[in-house]
Amino acid sequence: MRIGVLAVQGAFAEHIAVLRKLEAEALPVRLPLELISLDGLIIPGGESTVISRLIRDYDLSDQIKKLAASGLPILGTCAGLIILAKELSDSKMQTLGLMDLVVRRNAFGRQRESFEAELSIPALGEKPFPGVFIRAPRIEQANGNVAVLTRLNDGTIVAARQEKLIATAFHPELTDDLRLHKYFVDIVSNSKPSPGG
Ligand code: GLN
């Protein structure tokens with residue numbers, strides 16, 4: 001199983017380290033060629049305006065969209081969530097538009113720029129997941145066939161799934177809890193054609 005981590009800007013090294021802990025093959029991706037023969041892709045946190053620009057400058061946009069349309073599992077965290085969203089409520093920045101979400105950038109204001117919250121994520125089991133939020137976006141609307149994976153206590157949606165696409169407003173790669181990545185790796189391994197089949 002080969003999982004690429006978009007490595008144009010942001011917290012890609014941390015995702016690669018977590019994937020390796022899970023014994024998945026993890027590769028940094030910067031060129032369109034490096035997207036070929038991946039079984040999954042992670043779009044990390046960072047600065048979404050920069051990531052968005054570099055995705056276009058490096059000619060990665062069309063290829064990622066094509067792969068997503070053919071069923072490539074993708075995980076986007078924080079800025080990665082913004083990049084996956086179809087619509088931004090406060091920005092004209094170009095996104096990949098792959099998930100039927102309306103997202104607001106930097107949605108928690110100055111006082112709560114960074115915070116941690118224990119999240120109940122039923123898909124990961126009973127134990128709360130440590131949510132690390134850094135200048136995080138929030139999901140204002142989850143439309144179509146998007147399933148909400150978790151909310152903050154006040155009801156704010158902070159993770160969602162649309163078929164094989166997962167997006168989180170928080171940073172699972174900055175904790176020791178591997179369950180969110182394991183959840184993604186399982187989606188990748190279940191969608192990989194079985195050998196000989
Ligand atoms: N605030 C950043 C943005 O809008 C996202 C922050 C993050 O990825 N930690 O791109």
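Start at 1 and go down the list; that is how both ligands and their atoms are numbered.
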Does Asp39 reach the main-chain N or O of Ile3 with its side chain, forming a donor-acceptor pair under 3.5 Å? no
Quick one about Asp177 and Thr175 (side-chain donor to acceptor, distance below 3.5 Å, no hydrogens or angles considered), yes or no? no
Only distances under 3.5 Å count here; give the side-chain donor-acceptor pairs of residues 30-38 to other protein atoms, sequence neighbours excluded, each with its distance to 0.1 Å.
residue: Arg30; atom: NE; partner: Ala7; partner atom: O; Å: 3.0
residue: Glu34; atom: OE1; partner: Arg30; partner atom: N; Å: 2.6
residue: Glu34; atom: OE1; partner: Leu31; partner atom: N; Å: 2.9

Using heavy atoms and a cut-off under 4.0 Å, could you grab the residues that are in contact with ligand 1, chain by chain, numbers ascending? Gly45, Gly46, Glu47, Ser48, Cys78, Ala79, Ile82, Arg105, Asn106, Ile134, Arg135, His171
Listed pairs under 3.5 Å, donor-acceptor, residues 99-109 side chains, sequence neighbours left out:
residue: Arg104; atom: NE; partner: Glu140; partner atom: OE2; Å: 2.6
residue: Arg105; atom: NE; partner: Ser48; partner atom: OG; Å: 3.3
residue: Arg105; atom: NH2; partner: Glu47; partner atom: OE2; Å: 3.0

Got Leu165 and Pro73 here, is their nearest side-chain heavy-atom distance under 4.5 Å? no
For Ser120, which residues count as a side chain to side chain contact (heavy atoms under 4.5 Å, CB included) partner, sequence neighbours excluded? Pro122
